Amino acid sequence: MRTSQFPLSTIKETPADAEIISHKLMLRAGLIRRLAAGLYTWMPLGLRVLRKVENIIREEMDRAGALELLMPTVQPAELWQESTRWAQYGPELLRIKDRHDREYCYGPTHEEVITDYARRELSSYKQLPVNFYQIQLKFRDEVRPRFGVMRAREFLMKDAYSFHIDQASMQQTFNQMHATYSQIFTRLGLKFRAVAADSGAIGGNTSVEFHVLAESGEDAIAFSTASDYAANLELAATIPASDKRPTATAKTKLVDTPTQKTIEEVAKHLKLDAKRCLKTLLVKGAEQEAVALVLRGDHSLNEIKAAKLPEVAQPLSFIDDDQIKALTGSPAGFIGPKDLAIPVIADYAALQVADFVCGANQVGKHWQDMNWERDLPLPKSADLRNVVEGDPSPDGKGTLQIVRGVEVGHIFQLGEKYSKAMNATVLDEDGKSVVMQMGCYGIGVTRIVAAAIEQNNDAQGIVWPKPIAPFQIALLPINMHKSQRLADAVNGLYTQLVDAGFDVLLDDRQARPGVMFADMELIGIPHRLVLSEKGLDEGMIEYKSRDGNVDTKLPLDNITDQLRGIILD
RNA sequence: CGGGGCAUAGCGCAGCUUGGUAGCGCAUCUGCUUUGGGAGCAGAGGGUCGCAGGUUCAAAUCCUGCUGCCCCGACCA
């Protein structure tokens, strides 16, 4: 490709709206342009990257025996009503009506459509297992689209759905997809981690997320320093302390905290560490009006864990101020676990605090030097909080570290969730009708592009991982317009490289060298060749790698073989 | 959904307080010079100042409503 026919749309100034580095660079390098909130046009240069990502995914899915198909983006409401998700899904589901006033949605995912397809097409166990996939646009009406294509409303996703006669088969394909995903992200040249996850709205049991590690990631991942354990922070477990509970050393007293309501204020007022304070949160109970959850002051409630407790009403919700007052006799800010008429559940860590401070259920009062068992009964304990750095790993090996990541893949074992609701059955060996087991496996294709930049950039711009760079080689002639000899040589070289199978971008603009260098670095082409008259005289061409590791001169003779060595390295 | 902010040339912004001829940088076009790290000079084109009302002799500027977009929050005892 020549820049005269493949115009670069680079911009020097950083767009005002862009917050994170990948978004800024994607706009500056001319990969995407915004159409409306969360909607982006992929420009020719950006699309080349997107296609390369797609192709790697496609190759690995095909290699794993999955079958590609393509389902519509617009889906009839009936299918969603059948799976009951029409009612479950909130405003994130974009609902539309056609001219006949029939209801549809723009698909945020395709479980319903594929399950409908499978129940029509699959009738025998002999056709199983089978794994269908597509690379298709999705639309999710995000509350707050941001960070460019990282959290866009419309995005490209690879989604696969497998069908099985039994759980063992589902498990087998799940394991295979786990391996396939690892292979895909490895081939894409990304630093990633597979982590245990919550399955969220898609439903089902076992699920594993794949995260590209990046500072700006929206998810926190906890992993063990000494084992393979890795989990989304939402799911990372804390374990009961093995040590004995510390013993009381002081006598309980009621202290004045006239205006101190938050843990921070109370701790400061009493000149104590927040770790010595316990906070009590009141949430709606499943049976009782409310349940008190007690946490150490420096810890934060994990709502997903709390919602799973049988005593707690789902979905988790906090009771309002009037109810707090009615139940405890005190407004929020002074609530404590002593003498409450509702169930009290304490986090494991909250039980390990002696001489603690807690609300006294009276305005302006807290208890100090309270102790479990001595001053109030030992409550039921549970894992209620988010893990923090340094917590012991739940598998008992090492301690937890926390890093941030961008979720780019998620694999689930759905089981019968959709197949049962939609009656997707096949006949088994005994001629008996059996509900199929399902797995589902997603990759955010557009998000991968942003994540790759997030992980690979410098002051000059993008430094693409080689497998997904829009071009492999930038060929830059110096003052070609002034020298016919140089023009001939460069054009010859270009043809030679293209014929050898390289993806080459020849900058044949009549631009100054500085402009060409800056543009090629911004768009992140991994290999740069510079040819000048002087170089021609010497029979040498300058080679520099975008990552800055190599900067040298190569003899022009036999250049394709030399490059093949460098590039395929 | 709650709070804050912004909307003026393709992009980034000033002008608005105190109403009166719409401006700067980048980009674009023309010419000349320049050419190994985002060139210089000279010139040119480009705007219903987000939309709709209102006040006024006069509105980008003041008032009201609407729309779009951005940011923060949605953890709290």
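All values reported here derive from a predicted model rather than from experimental measurement.
Nucleic acid contact class of A:E19 (heavy atoms, under 4.0 Å, all strands): sugar-phosphate only. The residue A:N361 sits apart from the nucleic acid: no heavy atom pair falls under 4.0 Å. Residue contacts shown for A:R385 are absent, as no nucleic acid heavy atom lies under 4.0 Å away.
Atom pair A:E13:CD and B:A27:P shows a separation of 9 Å (rounding to whole Å applied). Following rounding to the nearest Å, A:L295 (CG) and B:A77 (P) show an atom-to-atom distance of 10 Å. The distance between atom CE of A:M520 and atom P of B:G37, rounded to the nearest whole Å, is 16 Å. If you take NE2 of A:H23 and P of B:C11, they are 14 Å apart, rounded to a whole angstrom. Atom CE in A:M43 sits about 12 Å away from atom C1' in B:G10, given to the nearest Å.
Projected onto RNA chain B by closest heavy-atom contact, A:P15 and A:L281 fall at different nucleotides, the more 5' of which corresponds to A:P15.
A heavy-atom distance below 4.0 Å to RNA chain B is reached by these residues of residues 326-355 of chain A, ordered by number: A:A332, A:G333, A:F334, A:I335.
The side chain to side chain donor-acceptor pair (under 3.5 Å) pairs that include a residue from residues 516-527 of chain A are A:T10-A:D519, A:R509-A:D519, A:E521-A:R528, A:H527-A:Y543, where partners are two or more places apart or lie in different chains.
With distances taken from any side-chain atom of A:A37 to the nucleotides B:G37, B:C70, B:C1, the minimum falls on B:C70.
Geometrically, A:R2 engages A:Y494 in a cation-pi contact, judged by NZ or CZ lying under 6.0 Å from the ring centre and within 45° of the ring axis. Cation-pi check for A:R95 over A:W86 is met; the charged atom lies under 6.0 angstrom from the ring centroid and within 45 degrees of its normal.
OP1 or OP2 of B:A27 has at least one side-chain nitrogen or oxygen of A:K12 nearer than 4.0 Å.
Qualifying salt bridge (Lys or Arg N to Asp or Glu O under 4.0 Å) partners for A:E218, counting only residues two or more places apart in sequence or in other chains: A:R151. Residues satisfying the side-chain contact (heavy atoms from CB on, under 4.5 Å) criterion with A:A36, sequence neighbours excluded, are A:L39. Every residue two or more places apart in sequence or in another chain was checked for a salt bridge (Lys or Arg N to Asp or Glu O under 4.0 Å) with A:E13, and none qualifies. Qualifying side-chain contact (heavy atoms from CB on, under 4.5 Å) partners for A:Q472, counting only residues two or more places apart in sequence or in other chains: A:F502, A:D503, A:I567. Residues meeting the side-chain contact (heavy atoms from CB on, under 4.5 Å) test with A:N549, sequence neighbours left out: A:S545, A:D547. With sequence neighbours excluded, no residue satisfies salt bridge (Lys or Arg N to Asp or Glu O under 4.0 Å) with A:E265. By the side-chain contact (heavy atoms from CB on, under 4.5 Å) test, A:A230 pairs with A:R193, A:V195, A:F223, sequence neighbours left out.
Here B:U28 sits opposite B:A44 as a Watson-Crick or G-U wobble pair (both hydrogen-bonding atom distances under 3.5 Å). If you check B:G50 for Watson-Crick or wobble pairing at under 3.5 angstrom, you find it paired to B:C66.
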Pick out the pairs of N or O atoms, protein on one side and nucleotides 34-36 of chain B on the other, that lie under 3.5 Å.
residue	atom	partner	partner atom	Å
B:U34	O2	A:R512	NH1	2.9
B:U35	O2'	A:N479	OD1	2.4
B:U35	O2'	A:N479	ND2	2.3
B:U35	N3	A:H481	NE2	3.4
B:U35	O4	A:H481	NE2	3.0
B:G36	O6	A:S532	OG	2.4
B:G36	O6	A:E542	OE2	3.2
B:G36	N1	A:E542	OE1	3.1
B:G36	N1	A:E542	OE2	2.6
B:G36	N2	A:E542	OE1	2.4

What N/O pairs connect the protein and nucleotides 40-46 of chain B at under 3.5 Å? Give each pair on its own line.
none

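When ring centroids are compared, A:F6 and A:F471 come within the 6.0 Å threshold.
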Considering only distance and modelled atom types, tabulate donor-acceptor pairs under 3.5 Å from the side chains of residues 474-484 of chain A, sequence neighbours left out.
residue	atom	partner	partner atom	Å
A:S483	OG	A:R485	N	3.4
A:S483	OG	A:L486	N	2.9
A:S483	OG	A:E533	OE2	2.8
A:Q484	NE2	A:D488	OD1	2.9

